[in-house]
K.L.:
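Submitted below is the structure of interest, expressed as structure tokens.
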Number of protein chains: 2
Amino acid sequence: MLDSGAAPKFNRPSMPRVTLAHVAERAGVSTATASLILSGREEYIKQFRPDTVEKVRRSAKRLGYRANLFAAGLPTKAPAFFVLVIRDFGGRQDIHDWHLWAFEGNLLAGAVRLAASEGLYPIVATINPDAPDAGVASAKRIVTGGVMGAIVRAQNPPLEKWLREQLHLGYRIVVVFPDQISNWPQNAIIADNLLIGTSAGRLLAASQCKRWGLVRYKQRTTREPHQLRIRGIEDTARQAGASFEVICLPPPPQKPTDRDLARLAKRDFDGLFALDSVLSVNTLQACRRVGLKPGEDISLVGVNCSQWHGPAMPSITSIDVSWSEVGRTAMQQLIQLSHDHQYLFESILIKPQIAPGATCPVPEEMLSDKTGSA
Amino acid sequence: MLDSGAAPKFNRPSMPRVTLAHVAERAGVSTATASLILSGREEYIKQFRPDTVEKVRRSAKRLGYRANLFAAGLPTKAPAFFVLVIRDFGGRQDIHDWHLWAFEGNLLAGAVRLAASEGLYPIVATINPDAPDAGVASAKRIVTGGVMGAIVRAQNPPLEKWLREQLHLGYRIVVVFPDQISNWPQNAIIADNLLIGTSAGRLLAASQCKRWGLVRYKQRTTREPHQLRIRGIEDTARQAGASFEVICLPPPPQKPTDRDLARLAKRDFDGLFALDSVLSVNTLQACRRVGLKPGEDISLVGVNCSQWHGPAMPSITSIDVSWSEVGRTAMQQLIQLSHDHQYLFESILIKPQIAPGATCPVPEEMLSDKTGSA
DNA sequence: AATTGTAAGCGCTTACAATT
DNA sequence: AATTGTAAGCGCTTACAATT
């Protein structure tokens with residue numbers, strides 16, 4: 001299929017780039033003059049004679065001149081690039097992995113929209129959480145490779161540890177959704193996980209639920225974000241005088257088994273809270289499989305799953321964290337730090353938003369507190 | 001919420017970077033020696049005395065030296081960066097837009113995995129198709145800003161025209177999924193749209209369908225990729241002696257109306273082919289709404305929707321194009337061009353794969369031809 | 001011959017000097 | 001005073017010269 005080099009017309013060597021020197025020479029001025037004029041900054045341009053400005057601009061246009069952005073950044077010590085480290089989801093064709101890309105995409109979009117307005121470009125590195133050290137080296141290299149700063153979607157303890165070291169060496173790093181929250185009093189953008197839990201609890205309480213079930217993964221160690229969510233709903237359960245029990249489902253590659261479903265089928269619960277997006281969808285699915293109808297005979301509140309609903313399924317009432325808002329906030333901080341020539345800021349909590357769905361009604365008064373960012 | 005600058009510890013100025021000169025000085029050698037040794041290339045290192053090598057490495061480690069990748073690329077004229085232009089899906093909270101990020105993510109992943117092995121980093125620019133000229137300038141600037149090359153997810157005719165101009169100026173550009181296929185005999189990675197259509201047709205024919213319906217958008221102009229898919233299935237219908245009619249659904253922001261559904265409800269069809277991913281999902285949804293059960297009383301073949309199925313819905317039998325394969329192929333070509341110091345190659349067709357689902361059976365013999373790339 | 005340094009240069013920016 | 005050029009420098013690489 002590939003036929004490169006066969007036909008002569010595919011053998012054309014790539015032309016040498018047009019440089020500022022070419023433009024200057026053709027316009028009969030020095031490179032300094034050309035540079036100043038092409039900078040586009042009025043304070044520079046106005047000190048040249050109009051016909052000189054014209055000459056230079058014409059020459060640049062004529063030759064198709066484009067500044068080399070890498071060279072341009074060197075003298076000013078203000079690189080036009082920042083790093084964005086996101087997750088790669090292996091080559092696995094798992095449907096959940098595939099969808100998770102949408103979160104990363106929104107994070108990227110949030111950051112990039114702001115960056116563009118500052119003339120900043122993102123260099124994207126991906127890290128596959130399953131491949132501990134493989135692709136990480138390349139990401140590390142670029143984070144410390146002379147960029148203006150880095151926004152890193154944290155992935156695992158070793159990476160977070162390295163990031164903290166680099167941060168205190170003076171690299172401008174903003175961490176997004178760290179796992180070990182308590183280690184990040186500085187430079188992190190964190191979802192308000194406690195509020196996620198209490199919000200879910202308030203929804204279940206408002207629906208008069210009395211027998212709450214918390215759906216989580218069966219794992220030895222529970223990560224801090226989930227712990228906080230659990231604490232949030234536990235507190236609310238206590239206040240609401242509801243019973244509170246835990247249901248475990250297997251982590252992503254696996255699907256819930258009949259044994260997992262049995263617990264649900266006993267109908268001990270009238271309200272469920274699923275800790276994350278995949279759990280939420282799996283819980284909805286599991287309920288339907290055992291004949292439960294969330295929204296009718298049981299309430300279900302999920303997390304980050306408002307975008308998830310399949311056509312014939314009820315939409316899940318969801319406590320959402322806006323990934324694009326997180327991306328934007330991270331970028332905002334990076335820009336601020338850069339302007340201030342600093343590298344530390346106090347970590348920021350992002351408030352979740354309640355996205356009403358069919359699986360649990362949302363009282364009017366809870367709909368108002370949708371905002372949360374500065 | 002943000003408290004930057006308040007506590008004194010957030011006021012630490014970012015430290016100046018450690019440069020090669022620092023490392024060299026501390027090791028008592030010239031920058032040339034330090035550079036050669038830290039290049040990591042055996043042919044350079046072996047010509048130095050072992051203790052010199054040690055001195056330099058220790059000094060670099062001691063000072064926490066990281067090479068500035070932008071400066072490093074200048075002298076060699078082999079920049080370590082390429083551009084990847086993908087789509088941005090506005091701020092719209094449309095569920096389809098949200099999911100479409102997953103495609104862009106897979107495209108990115110495909111390219112980046114290969115790039116990493118060559119030490120290449122992607123600079124990502126996004127273009128919002130709805131904002132014609134707004135963000136485009138920034139993307140154009142970086143594409144011609146001194147990178148090794150660019151992979152561009154084509155978006156619209158004006159952009160494609162500009163890309164073709166730049167290509168013939170000598171910029172290394174690989175276009176992905178162009179709209180105006182016939183304008184891209186060179187430097188494009190294109191889905192084999194004709195084969196998508198004929199594959200769908202063969203599936204419907206194999207299911208003994210006789211009254212085929214083609215589901216497309218109602219628009220004045222039909223874009224070339226869709227035209228080819230239509231031609232593919234039309235040809236197959238003729239060969240199979242099936243009738244062939246068109247059903248129109250409204251484009252993405254809108255949902256199918258009752259009037260749109262009426263056509264389906266008349267049950268004139270026993271086989272449907274939906275032209276793209278959004279149409280496929282909408283068609284499945286529409287069928288269910290009028291009481292049709294795809295897979296039982298009607299066959300449905302979609303495009304790029306195998307990952308889409310909601311829990312309680314049948315999975316759609318889909319003709320898929322692997323976006324990560326497309327990304328990988330584009331990257332492969334870029335690397336090849338760079339090695340050969342060329343900038344043109346013959347456009348490459350990517351064969352689709354048949355992903356069996358519940359809405360239309362797939363004969364054994366059609367499952368084999370899953371591969372397609374070099 | 002083995003080992004290292006000198007120097008030029010990548011493409012740009014900007015302070016400052018020099019010219020009219 | 002208005003206009004432009006000179007020169008140094010950003011941080012690096014690599015051909016080549018120079019030293020032992």
Side-chain angles (χ1 to χ4, degrees), chain A residues 16-56 59-60 63-81 119 141-142 144-148, chain B residues 16-56 59-60 63-81 119 141-142 144-148:
Chain A
R17 276 183 71 82
V18 175
T19 69
L20 191 66
H22 296 139
V23 174
E25 191 190 25
R26 197 174 193 290
V29 301
S30 71
T31 58
T33 298
S35 174
L36 257 14
I37 288 174
L38 294 177
S39 75
R41 294 166 64 176
E42 197 42 49
E43 67 263 40
Y44 288 154
I45 296 173
K46 69 163 181 245
Q47 62 187 31
F48 290 95
R49 297 212 325 260
D51 64 308
T52 307
V53 174
E54 255 320 294
K55 265 192 312 188
V56 170
S59 168
L63 299 175
Y65 171 71
R66 310 281 162 166
N68 181 322
L69 292 176
F70 305 113
L74 267 193
T76 66
K77 294 195 169 196
F81 302 93
R141 183 128 191 278
I142 181 67
T144 54
V147 296
M148 169 269 210
Chain B
R17 277 183 69 84
V18 174
T19 69
L20 192 65
H22 295 140
V23 174
E25 191 190 26
R26 197 175 193 289
V29 300
S30 71
T31 59
T33 298
S35 174
L36 257 15
I37 287 174
L38 295 176
S39 74
R41 294 166 64 177
E42 197 42 52
E43 66 264 41
Y44 289 154
I45 296 173
K46 68 162 182 247
Q47 62 187 31
F48 290 96
R49 298 215 321 261
D51 63 309
T52 307
V53 174
E54 256 319 295
K55 266 193 311 188
V56 169
S59 167
L63 299 174
Y65 171 72
R66 310 280 161 167
N68 181 321
L69 292 175
F70 305 112
L74 269 193
T76 65
K77 295 195 168 197
F81 302 93
R141 183 129 191 279
I142 181 66
T144 54
V147 296
M148 170 270 211

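Convention: sequence-line order gives letters A, B, ...; per-chain numbering from 1.
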K.L.:
What nucleic acid atoms does B:Ser39 come within less than 4.0 Å of, heavy atoms only: base, sugar-phosphate, or nothing?
P.N.:
nothing
K.L.:
Among C:dT13, D:dC10, D:dT14, which is the nearest nucleotide to the side chain of A:Lys77?
P.N.:
D:dC10
K.L.:
Let me know, please, whether A:Thr33 or B:Ala34 comes out on the 5' side of the other along DNA chain D by nearest nucleotide.
P.N.:
A:Thr33
K.L.:
Dot-bracket for DNA chain D, please. Rules: Watson-Crick or G-U, both distances under 3.5 Å, ( ) within the strand, [ ] when a pair crosses earlier ones, | for another strand, . otherwise.
P.N.:
||||||||||||||||||||
K.L.:
Let me know the distance between CE of A:Met148 and P of D:dC10, rounded to the nearest Å.
P.N.:
21 Å
K.L.:
Could you check B:Leu36, B:Thr19, B:Val23, B:Leu20 and say which one makes a side chain to side chain contact (heavy atoms under 4.5 Å, CB included) with B:Thr31?
P.N.:
B:Leu20
K.L.:
Please report the distance, rounded to the nearest Å, between CD in B:Gln47 and C1' in C:dA1.
P.N.:
12 Å
K.L.:
With no hydrogens and no angle check, is any side-chain donor or acceptor of A:Arg17 less than 3.5 Å from a backbone partner on B:Thr144?
P.N.:
yes
K.L.:
Separation of B:Leu74 atom CG from D:dG11 atom C1', in whole Å?
P.N.:
9 Å
K.L.:
Would you tell me if any nitrogen or oxygen in the side chain of B:Ser35 comes within less than 4.0 Å of OP1 or OP2 on D:dT13?
P.N.:
yes
K.L.:
Starting at the 5' end of DNA chain D, which residue's closest nucleotide do you reach first, A:Val29 or B:Ala72?
P.N.:
A:Val29
K.L.:
Atom CZ in A:Phe48, atom OG1 in A:Thr33: separation rounded to 0.5 Å?
P.N.:
4.5 Å
K.L.:
What integer distance in Å separates B:Leu20:CG from D:dT14:C1'?
P.N.:
13 Å
K.L.:
Counting side-chain heavy atoms from CB outward, which of D:dT14, D:dG11, D:dG5 is closest to A:Ser30?
P.N.:
D:dG5
K.L.:
For residues B:Ile142 and A:Phe81, determine if any side-chain heavy atom of one lies less than 4.5 Å from a side-chain heavy atom of the other.
P.N.:
yes
K.L.:
Going from CD on B:Glu54 to CD1 on B:Ile37, what distance comes out if it is rounded to the nearest 0.5 angstrom?
P.N.:
9.5 Å
K.L.:
Go nucleotide by nucleotide along DNA chain C from the 5' end; which of A:Ala71 and B:Leu36 gets its closest nucleotide reached first?
P.N.:
B:Leu36
K.L.:
Give A:Thr76 one of three labels, base, sugar-phosphate or nothing, depending on what nucleic acid heavy atoms sit under 4.0 Å from its own.
P.N.:
sugar-phosphate
K.L.:
Tell me: CG of A:Asn68 to C1' of D:dG11, nearest whole Å?
P.N.:
14 Å
K.L.:
Can you find a side chain N or O atom of A:Tyr65 that sits less than 4.0 Å from OP1 or OP2 on C:dC12?
P.N.:
yes
K.L.:
Testing A:Lys46, A:Gln47, A:Arg41 one by one against A:Glu43 for a side-chain hydrogen bond (donor to acceptor under 3.5 Å, both in side chains), which residue passes?
P.N.:
A:Arg41
K.L.:
In this structure, how many angstroms lie between the P atom of C:dT13 and the CD1 atom of A:Ile37, rounded?
P.N.:
13 Å
K.L.:
With a non-hydrogen cut-off below 4.0 angstrom, is B:Ala32 in contact with a base, only sugar-phosphate, or nothing?
P.N.:
base
K.L.:
So B:Thr19, base contact, sugar-phosphate only, or nothing? Heavy-atom distance under 4.0 Å.
P.N.:
sugar-phosphate
K.L.:
Hey, which sits more toward the 5' end of DNA chain C by its nearest nucleotide, B:Thr31 or A:Arg17?
P.N.:
B:Thr31
K.L.:
Can you list the residues that meet the side chain to side chain donor-acceptor pair (under 3.5 Å) rule with A:Thr76, with sequence neighbours excluded?
P.N.:
none
K.L.:
Ignoring hydrogens, what is the shortest heavy-atom contact between A:Ala24 and A:Ala34? Give both atom names and the distance.
P.N.:
CB-CB, 4.0 Å
K.L.:
Rounded to whole angstroms, how far apart are CZ on B:Arg49 and P on C:dA1?
P.N.:
19 Å
K.L.:
Please give, in whole Å, the distance from C:dC10 P to A:Leu69 CG?
P.N.:
19 Å
